Amino acid sequence: MAERSATPTPPELVLETEGDTLVVAPGHVYHIGRDPSSDIVLSDSRVSWHHAVLRPEADHWTLEDEGSSNGTYAEGRRIHEWGVGPGSVIRFGHPSEGPRARLQALRRAEPALAPGEEATGWPLSVSRPAATRTFRRPTTVRPLSTPSVSIGRAADNHLVVEDLTVSRHHAELRVLADGTYEIVDIGSHNGTFLNGRRVTRAPVGPGDIVGIGHSNFCLVGDQLQEFVDTGEISLDVQDLTVSVDHGRKTLLEQVSFPVGEKCLLAVVGPSGAGKSTLLNALTGQRPADHGTVLYDGRDLYRDYAELRQRIGLVPQDDILHPQLTVRRALGYAAELRFPEDTAKSERDARVDEVIRELGLEQRAGQPIHSLSGGQRKRVSVALELLTKPSLLFLDEPTSGLDPGMERSVMHMLRGLADDGRTVIVVTHSVLSLDVCDRLLVLAPGGRIAYYGTPEDALPFFGFDQWPEAFEAFENDSGRDWGADYRTSPFHRQYIASSAQPRLARERLPRGDAPPPPPKPQRWFAQLGTLVRRYAAVLSTDRTFIIVMVALPFGMGAMARIMAGGKLTQDTAARALLVLCVGAVLSGAANAVRELVKERVVYRRERAVGLSRSAYLTSKVMVLGLITVVQAVAMTLVGLLGVELGAPAGRGALLPPLLEIALAVALLSVCAMLLGLVISALVRKEEVTMPLLVLITMVQIVFCGALVKVYGVVGLEQLAWPVPGRWGFAATAATIDIGRIVPKAEYDDPLFEHAAGVWLLSMAVMVAYCAVLWYAVGRLLRRHEPAIMRK
């Protein structure tokens, strides 16, 4: 019988890269680059996102460069297309120092299956480029109708991801009956992402990227490859433009620059140059109108729902509660940011780790307010490092520090970058720029005036000192700083030569805007943490405790002096008025500063998944309990043992002292919520005290105790939304003040001694509380990142 001619095919080869091996077989084209979805991933900044392609030809393999920035090299020469085989050595990005790939012949040593023997391996192998691993079906796992690979933090998963942002049992990759795959989130706290969008169940195909915590997984043939974001990532900013007033004013204009791995970049410029705008655009809090931010080649705006977990932001003001100790503040932050199934020992271990990393061991037990400015900034940085962000942004971290502390903070940031992070710091200070790798100078109008090494900046501008340069920027000298830089060799060296292919992008349509971040904890778990933290903060605030105790007892004592032993025509109105004023004053004073002083903390925590309603509820619960206790104590001090003068010694519905205590407590809660409204409205703490006095005076005028309100057109209508009007009415109805004080001003239907009248006043105050609670929630939205206002 004649032999059948065989079609020549390329040989199977083993491709060895640094720390990884891969069998390349005919019938498949292998893409090489930094893209996690590539078949062969080389995480080196000299390697382009899509660098080269290895493809089979008739009887050999061909390696083709895909127009990479730094080139592909064989035998020391840059190549465009090259035939390769066993023994070939290729370099990517540099002829001698770039990542190396070596091809060898495949030698099989696998025994054949005996007749009738069934293969017990998984149809899907799981590999990690850093150390190739193939996961087989454990003998202790029950047979499943549909094979699956479980992914999570717990040791009983097939693929264990040692990342505290990952739930213990996070997701499963399932093989369907038709041989296709799907990813299923199994109730994780921080979410499972497919190509940057959060999913609960979705089909997965070749090239799709599954994001879980700091890891990305990609299907390559019958393998699931994991790519861990270790922090050594690059950032490429492309043509960012931001304008306001319908495009009439430009805040950033065509800003483009690269940021390499382990880079410390300082952004400086005069006031109004767009530094804060750039920071908001780079962190995704306020995406640019045009342009793209590439996070290691991935579009940050498109994949923001996933990538925002890998970004840390330290605002100018400390994101801390100064009354807490360092360890306790970091502990509460870890509790809010890590999944609910994270054990306390795991959280504590991570807190200890960041404390050691930032040299805070000796300060861990100190209250934060007792630390120096530089040490407090270290604690703020430590809080952001809990979740191991790859990108760390800092806004004016040296503001208000003396030169020595400023230098210390900048050296700390230098160390963070050297440890494997990309650090970008916006600053007004120019004293420590020498510790940075790159310097970005923005001129007024949001244009790049310089990007390069810090030591070349002043010679480029032609000045000896930075104040001279900033003064020249602000003066309208007619010089186009942006144009000068674009035509300079620095632009060609640092920006043009390293630019990646541009990705055109317009503002995301409203319907496609990234959703709010997932909540690491359930609502009730968040509420419990927030209540405990807020109670701890208040319990260490001595000034608050003194006022909290002194105010109700002082106002109660005044009421008792007014009342004497019995409420009479001369004492009844004044005693009740003192109680109502005390309720308003104590309730509002408790809350009027509580939101404005935590605004920076709230904004940052909201951006990483804090529930607005849980935050507000925690404030209302703690302050409400304090307020009610104060009101009851004030009522008892003022009226316990006093003859109240109620008809037959009975209230409208309940015992008179109990009715008055309930009315005063409810009025105090109304005032507390009104204080929260003021706290959510104002910009600074300093204006809260004058407003506290104002609302107290309003209660006195419109409550009806001193001025006749009923029947006075205009005045009566103005009194309706005043809680003091209804609080005083409830107490007056209890004692039937119209009978005790037979004056025209107390001939008011709301003062009638009847159960329905008393219940009406109480119901109005309850409704008033509900409206104020809703109003505070709406006002809190104004202080959140734009992406959270949903």
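Values below: every heavy atom of this structure, side chains too, minus hydrogens, waters and symmetry copies. Note that the structure is predicted; figures quoted are calculated from it, not measured.
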- Query: Have His169 and Asp341 got a donor and an acceptor in their side chains that come within less than 3.5 Å?
  - Reply: no
- Side-chain touch Val426/Leu394, heavy atoms, less than 4.5 angstrom: no
- Task: Indicate whether any N or O donor in one side chain lies under 3.5 Å from an N or O acceptor in the other, for Arg350 and Thr342.
- Result: no
- Item | Option from Val259, Asp437, Ile424, Leu416 for which side chain to side chain contact (heavy atoms under 4.5 Å, CB included) with Leu264 holds | Asp437
- Can you tell if the side chain of Val425 reaches within under 4.5 Å of the side chain of Leu265, non-hydrogen atoms only? no
- Task: For side-chain contact (heavy atoms from CB on, under 4.5 Å), just list the numbers for Leu386 and Phe338, CA-CA rounded to whole Å, side-chain angles, deciding distance to a tenth of an Å, and then say yes or no.
- Result: CA-CA 9 Å; Leu386 286 171; Phe338 289 138; 4.2 Å; yes
- Message: Is there a salt bridge (Lys or Arg N to Asp or Glu O under 4.0 Å) between Glu357 and Arg421? Walk through the geometry before answering.
- Response: CA-CA 13 Å; Glu357 182 176 3; Arg421 302 176 184 87; 2.8 Å; yes
- Item | Any donor-acceptor pair under 3.5 Å from Arg356 side chain to Val351 backbone | no
- Tell me, do Phe217 and Leu173 make a side-chain contact under 4.5 Å, heavy atoms counted? no
- Examine distances only and state if a side-chain atom of Tyr295 and a backbone atom of Asp236 form a donor-acceptor pair shorter than 3.5 Å. no
- Side-chain contact test, heavy atoms from C-beta onward, threshold under 4.5 Å: evaluate it for Arg298 versus Trp49 and give yes or no. yes
- Task: Evaluate the ring planes of Tyr450 and Phe490, with Trp represented by its six-membered ring, and classify them as parallel (under 30°), tilted (30 to 60°) or perpendicular (over 60°).
- Result: perpendicular
- Item | Ser167 to Ser188 - nearest heavy-atom pair and separation | OG-CA, 3.5 Å
- Indicate yes or no: at least one non-hydrogen side-chain atom of Val423 is less than 4.5 angstrom from one of Phe393. no
- Donor-acceptor pair between Thr453 and Asp456 side chains, under 3.5 angstrom: yes
- Between the side chain of Asn195 and the main-chain N/O of Ile209, is any donor-acceptor distance below 3.5 Å? yes
- Task: May I ask you to decide whether Glu182 forms a salt bridge with Arg201, counting only side-chain N to carboxylate O separations under 4.0 Å?
- Result: yes
- Task: Please report the C-alpha distance between Ile495 and Tyr451 in whole Å, then the side-chain angles of each, then the deciding distance to 0.1 Å, and finally whether the side-chain contact (heavy atoms from CB on, under 4.5 Å) criterion is met.
- Result: CA-CA 8 Å; Ile495 295 182; Tyr451 181 79; 3.9 Å; yes
- Could you give the distance from CG (Leu176) to OG1 (Thr180), rounded to the nearest 0.5 Å? 4.0 Å
- Short N-O contact, Glu384 and Arg604, less than 4.0 angstrom: yes
- Item | Short N-O contact, Arg153 and Asp156, less than 4.0 angstrom | no
- Item | Ionic contact status for Arg55 with Glu64, cut-off 4.0 Å | yes
- Dump the intermediate steps for side chain to side chain donor-acceptor pair (under 3.5 Å) on Ser68 and His51, then the final yes or no. CA-CA 5 Å; Ser68 64; His51 197 105; 3.3 Å; yes
- Note on the structure: Closest non-hydrogen contact found for Val237 with Val255 is CG1-O, 3.6 Å
- Message: side-chain contact (heavy atoms from CB on, under 4.5 Å) for Leu392 and Val314? Distances and angles first, verdict last.
- Response: CA-CA 8 Å; Leu392 184 62; Val314 181; 4.3 Å; yes
- Least distance between heavy atoms, Gly93 atom then Asn70 atom: O-CB, 3.3 Å
- Query: What's the spacing between Thr200 OG1 and Ile183 CD1 if we round to 0.5 Å?
  - Reply: 11.0 Å
- Query: Stepwise, does the salt bridge (Lys or Arg N to Asp or Glu O under 4.0 Å) test hold for Asp296 with Arg34?
  - Reply: CA-CA 8 Å; Asp296 219 27; Arg34 284 193 0 261; 3.6 Å; yes
- Query: Just checking, is any N or O donor in the side chain of Asn190 or Thr165 under 3.5 Å from an acceptor N or O on the other one?
  - Reply: no
- Task: Flag the pair Lys262 / Thr422 as yes when at least one side-chain heavy-atom distance between them is below 4.5 Å, and no otherwise.
- Result: no
- Would you call Arg168 and Glu340 a salt bridge, taking side-chain N to carboxylate O under 4.0 Å as the test? no
- Query: Nearest 0.5 Å, what's the CD-CD1 distance between Gln254 and Ile448?
  - Reply: 10.0 Å
- For Ile151, which of Ile186, Thr192, Val161, Asn157 qualifies under side chain to side chain contact (heavy atoms under 4.5 Å, CB included)? Val161
- For the side chain of Asp239 and the backbone of Gly291, is there at least one donor-acceptor N/O pair under 3.5 Å apart? no
- Message: Hydrogens and angles aside, do Gln238 and Ser256 bring a side-chain donor and acceptor to less than 3.5 Å of each other?
- Response: no
- Query: Any donor and acceptor pair, going by atom type alone, linking the side chain of His170 with main-chain N or O of Gly191 inside 3.5 Å?
  - Reply: yes
- Task: Decide whether Glu226 and Ser215 meet the rule of one side-chain donor and one side-chain acceptor closer than 3.5 Å.
- Result: yes
- Looking only at heavy atoms, which two atoms of Ala154 and Val160 are closest? And how far apart? O-CG2, 3.5 Å
- Please check if any side-chain donor atom of His214 sits under 3.5 Å from a side-chain acceptor atom of Asp163, or the reverse. yes
- Heavy-atom pair of closest approach, residues Gly312 and Pro389: N-CB, 3.5 Å
- Message: Can you confirm whether Leu13 sits close enough to Pro11 that some side-chain heavy atom of one is under 4.5 Å from a side-chain heavy atom of the other?
- Response: yes
- Given side chain to side chain donor-acceptor pair (under 3.5 Å), test Arg302 with Thr292 step by step and report yes or no. CA-CA 9 Å; Arg302 185 193 64 202; Thr292 306; over 6 Å; no
- Query: If only atom types and distance count, is the side chain of Tyr301 paired as donor or acceptor with the main-chain N or O of Ala281 below 3.5 Å?
  - Reply: yes
- Task: Inspect the contact between Arg197 and Glu306 and indicate whether a charged nitrogen and a carboxylate oxygen are less than 4.0 angstrom apart.
- Result: no
- Item | Rounded distance (nearest 0.5 Å) linking atom CG of Leu279 with atom CZ of Arg286 | 13.5 Å
- Between Leu42 and Phe92, what is the shortest heavy-atom contact and its length? CD1-CD1, 3.5 Å
- Query: Does Glu346 use its side chain to pair, donor to acceptor, with the backbone of Ala343 at less than 3.5 Å?
  - Reply: yes
- Message: Regarding Asp418 and Arg414, does a basic nitrogen lie under 4.0 Å from an acidic carboxylate oxygen?
- Response: yes
- Measure from the side-chain N and O atoms of Thr241 to the backbone N and O of Asp289, and report whether any donor-acceptor pair falls under 3.5 Å. no
- Message: Any non-hydrogen side-chain atom of Leu300 less than 4.5 Å from a side-chain atom of Leu294?
- Response: no
- Message: I'd like to know if the side chain of Trp82 and the backbone of Ile90 have a donor-acceptor N/O pair within less than 3.5 Å.
- Response: no
- Item | Leu54 and Trp61: CA distance, side-chain angles, deciding distance, side-chain contact (heavy atoms from CB on, under 4.5 Å) verdict | CA-CA 7 Å; Leu54 181 66; Trp61 291 86; 3.8 Å; yes
- Query: How long is the gap from CD on Glu81 to CG on Asp65, to the nearest 0.5 Å?
  - Reply: 10.5 Å
- Query: What distance separates Arg102 CZ from Arg100 CZ, expressed to the nearest 0.5 Å?
  - Reply: 6.0 Å
- Item | Ser150 side chain to His158 side chain, donor-acceptor N/O pair below 3.5 angstrom | yes
